[in-house]
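Reviewing the structure listed below.
These numbers were taken from a predicted model, which means no experiment stands behind them. Computed over heavy atoms, backbone and side chain alike; hydrogens, waters and symmetry mates excluded. Below, read A as the first sequence line, B as the second, and so on, with proteins coming before strands; counting in each chain starts at 1.
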Protein chains: 2
Amino acid sequence: MNDTPNGTSTLNINRDSDEPAYAQVVRILSQEIAEGAYRAGAQLPSESQLRARFSVSGMTVRRAINILVDRGIISASQGKGTFVRGLDMREAAFRLRERHDSPLLGPSVQVRLLQAAILTADERIARKLDISRGKRVVYLRRLISQPDGPVMYHREYMVYDPRRPTVEAELQITSLEGLFRGQGGQGLRRGDLGLEAVALSEEEADALQMPVGSPALCLEHIFYDFENHPVAWGWFICRADHFRLLGRIGPETSLGAES
Amino acid sequence: MNDTPNGTSTLNINRDSDEPAYAQVVRILSQEIAEGAYRAGAQLPSESQLRARFSVSGMTVRRAINILVDRGIISASQGKGTFVRGLDMREAAFRLRERHDSPLLGPSVQVRLLQAAILTADERIARKLDISRGKRVVYLRRLISQPDGPVMYHREYMVYDPRRPTVEAELQITSLEGLFRGQGGQGLRRGDLGLEAVALSEEEADALQMPVGSPALCLEHIFYDFENHPVAWGWFICRADHFRLLGRIGPETSLGAES
DNA sequence: TTGACAGACTTATATATATAAGTATATAAT
DNA sequence: ATTATATACTTATATATATAAGTCTGTCAA
């Protein structure tokens with residue numbers, strides 16, 4: 001067995017395991033970095049050394065290294081070597097998907113449509129949706145509630161296009177998962193999101209049963225179609241005490257589906 | 001030339017380009033998906049078809065597909081095929097690194113140390129840092145300012161360990177970049193982050209020159225060493241009007257360094 | 001009609017090999 | 001001493017090939 005810098009004998013991959021070889025290499029190297037066998041700034045063994053240690057082909061090592069580079073755990077520069085990166089708070093990512101505090105995507109959350117109307121675009125709406133003032137838009141208001149009370153308030157403006165079946169589909173949504181996923185069912189190309197802290201307006205405070213001026217998270221969204229025209233603009237007002245984004249920096253011990 | 005579902009003749013890769021073949025495949029497929037040649041739910045050509053179309057080896061196509069899967073643009077299931085995924089707001093990631101509204105990491109931002117003290121841990125601090133009550137901790141307060149005024153207020157508690165050089169290094173920090181990156185210089189393994197909306201306390205409002213109760217973003221951080229013990233706990237209070245996180249969902253046209 | 005099975009298709013993993021290209025260092029020539 | 005060159009190392013890209021394994025479909029027999 002080879003030795004790591006800290007003197008302990010190295011782990012190796014298990015050929016009988018169901019876990020692919022490249023994934024095992026990723027996991028083992030991540031673990032050793034996490035345990036301090038390789039500190040920040042240290043150089044990892046070269047590709048050929050790793051190939052010899054794990055008894056795998058170059059491509060397998062290469063793939064593992066690429067994954068670690070993708071995750072921001074190491075950095076590789078051609079001709080020099082691969083090095084362990086230190087923690088960098090800027091690399092942290094907050095995903096809506098995972099690890100809020102509260103289970104917002106379960107069946108216990110209820111989405112209620114408060115209002116559905118067709119109105120004419122004012123200056124602000126027209127600019128956001130890239131249409132001319134006075135054009136008709138669909139206006140939706142929703143309230144997302146948990147058993148213990150409302151937690152999010154949603155407002156949305158959509159360009160009114162009878163050919164597009166999006167509007168009808170939108171009206172049927174009854175779960176937050178449908179609201180988050182359903183928007184992009186068909187005909188949408190991409191979306192831009194913004195996240196900021198706001199104070200509750202009178203209307204929002206009333207809906208969320210909170211005092212006016214309470215802090216809240218505003219999650220704004222704009223969706224574009226394949227011609228890159230805005231289709232929908234809206235925002236979620238989330239009660240601060242029910243919505244907290246979690247992130248992490250540093251090596252992960254678990255392995256997701258990766259390249 | 002082959003034809004895509006929408007009838008236009010397909011792009012192909014350029015062997016003379018500096019751009020690697022796998023990257024070109026990623027770019028072209030991303031573009032075609034973004035332009036609507038393959039809609040959400042549609043099945044992409046099989047690996048062997050793509051291999052024939054681009055005149056590359058299977059591994060190259062495979063790598064490109066893995067990258068697209070990683071990005072959440074397509075999903076591949078063994079034995080069935082690869083399919084274009086629709087937009088899913090839950091997949092959106094907000095990174096601290098990129099795309100705030102304001103340039104927080106430039107030389108125009110100033111980090112000023114307001115206070116550095118050693119005090120004894122109360123119940124709350126002891127629990128967060130996993131130490132016993134009464135133990136000594138280093139307490140730091142910082143104010144991060146732009147030319148037009150203060151934008152962030154930082155408080156941090158660190159376990160007091162004379163052997164660790166972290167404290168001295170922390171005191172020297174004068175840039176936000178150093179503050180974000182320097183924490184993990186050495187001896188730190190990972191960090192957990194939290195992001196939520198808060199209302200400014202009297203102390204915070206005073207420092208940020210804002211009314212008490214104004215909305216703000218609170219970015220909490222805990223850093224752990226290689227024995228998985230908390231080393232530092234702190235949080236940034238960010239003026240809501242200067243700190244807005246941006247994210248995006250859907251195919252990216254640009255190509256970063258990927259596996 | 002139903003069920004079992006074979007075959008064709010798909011993605012997934014892994015190997016061995018070749019070539020390209022960036023970096024550092026030792027060596028030889030000036 | 002300085003400069004140029006050769007060499008040995010590194011990562012990066014790409015090919016051809018083999019095997020495994022999941023999914024669907026048609027065929028044949030009961």
Side-chain angles (χ1 to χ4, degrees), chain A residues 12-29 33 38 41-85 255-259, chain B residues 12-29 33 38 41-85 255-259:
Chain A
N12 211 317
I13 65 172
N14 173 13
R15 284 343 258 264
D16 298 329
S17 165
D18 284 342
E19 197 180 11
Y22 76 91
Q24 293 190 46
V25 174
V26 168
R27 180 175 47 77
I28 291 174
L29 289 180
I33 291 172
Y38 305 104
Q43 182 169 11
L44 281 183
S46 79
E47 205 171 300
S48 54
Q49 286 174 302
L50 291 175
R51 203 176 60 195
R53 167 180 166 191
F54 292 115
S55 307
V56 294
S57 74
M59 281 300 296
T60 303
V61 168
R62 199 96 274 288
R63 185 169 182 184
I65 287 178
N66 281 330
I67 290 174
L68 290 172
V69 171
D70 269 10
R71 295 195 188 167
I73 295 175
I74 65 176
S75 66
S77 54
Q78 186 174 143
K80 294 180 69 175
T82 56
F83 302 89
V84 179
R85 296 182 54 174
L255 173 73
E258 294 277 340
S259 41
Chain B
N12 212 317
I13 66 174
N14 173 13
R15 283 342 258 267
D16 298 329
S17 166
D18 284 342
E19 196 181 12
Y22 76 92
Q24 294 190 45
V25 174
V26 167
R27 181 175 46 77
I28 290 174
L29 289 180
I33 292 171
Y38 305 103
Q43 183 168 10
L44 281 182
S46 78
E47 206 171 297
S48 54
Q49 286 174 302
L50 292 175
R51 202 175 62 195
R53 168 181 166 190
F54 292 115
S55 306
V56 294
S57 74
M59 281 301 296
T60 302
V61 169
R62 198 97 274 287
R63 186 170 182 182
I65 287 178
N66 281 331
I67 290 174
L68 290 172
V69 171
D70 269 10
R71 295 195 188 168
I73 296 175
I74 65 177
S75 67
S77 54
Q78 186 174 144
K80 295 180 68 176
T82 57
F83 302 88
V84 179
R85 297 182 54 174
L255 175 72
E258 294 277 340
S259 44

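Side-chain proximity of A:Arg63 to C:dA12, C:dT13, D:dT11: nearest is C:dT13. Side-chain proximity of B:Pro20 to C:dA14, D:dA14, D:dT15: nearest is D:dA14. Residue A:Ser46 places its side chain closer to D:dT10 than to any other of D:dT15, D:dG22, D:dT10. Closest to the side chain of A:Ala76, from the set D:dT10, D:dA12, D:dA16, is D:dA12. In the set D:dC24, D:dT10, D:dT15, the nucleotide with an atom closest to the side chain of B:Lys80 is D:dC24. Among the nucleotides D:dT11, C:dT13, D:dA14, the one closest to any side-chain atom of B:Ser57 is D:dA14.
Protein atom CD of A:Gln78 is 8 Å distant from nucleotide atom C1' of C:dA20, rounded to whole Å. Rounding to whole angstrom units, CG of residue B:Leu44 and P of C:dC9 are separated by 19 Å. The interatomic distance linking A:Glu19 (CD) with C:dT13 (C1') rounds to 13 Å, in whole Å. A:Glu47 places its CD atom 13 Å from the C1' atom of C:dA20, with the value rounded to the nearest Å. As a whole-Å value, the separation of A:Leu68 CG from D:dA12 P is 12 Å. Separating the CG atom of A:Asn66 from the C1' atom of D:dA12 is a distance of 9 Å, rounded to the nearest angstrom. The separation between B:Ile67 atom CD1 and D:dA14 atom P is 10 Å, rounded to whole Å. If you measure from atom CZ of A:Phe83 to atom P of C:dT23, you get 12 Å, rounded to the nearest angstrom.
Of all heavy-atom pairs spanning B:Ser55 and B:Arg15, the tightest one is O-NH1, 3.4 Å. When all heavy atoms are compared, the tightest approach of B:Ser46 to B:Gln49 is N-OE1, 2.8 Å. Between B:Asn12 and B:Arg53, the closest heavy-atom pair is ND2-O, 2.8 Å.
Distances shorter than 4.0 Å separate none of the side-chain N or O atoms of B:Arg62 from OP1 or OP2 on C:dT11. An OP1 or OP2 oxygen of C:dT15 is reached within less than 4.0 angstrom by a side-chain nitrogen or oxygen of A:Arg15. Residue B:Thr60 places at least one side-chain N or O under 4.0 Å from the OP1 or OP2 atom of D:dT15. Side-chain N/O atoms of A:Tyr22 include none lying less than 4.0 angstrom from OP1 or OP2 on C:dA14.
In this structure, the side chain of A:Gln43 does not engage the main chain of A:Val84 through any donor-acceptor pair within 3.5 Å. The backbone N or O of A:Val61 lies less than 3.5 Å from no partner atom in the side chain of A:Glu47, so there is not a single donor-acceptor pair.
Of the two residues near DNA chain D, A:Met59 and A:Thr82, the one whose nearest nucleotide lies more 5' is A:Thr82.
Note on A:Arg51: nothing from the nucleic acid sits closer than 4.0 angstrom, heavy atoms only.
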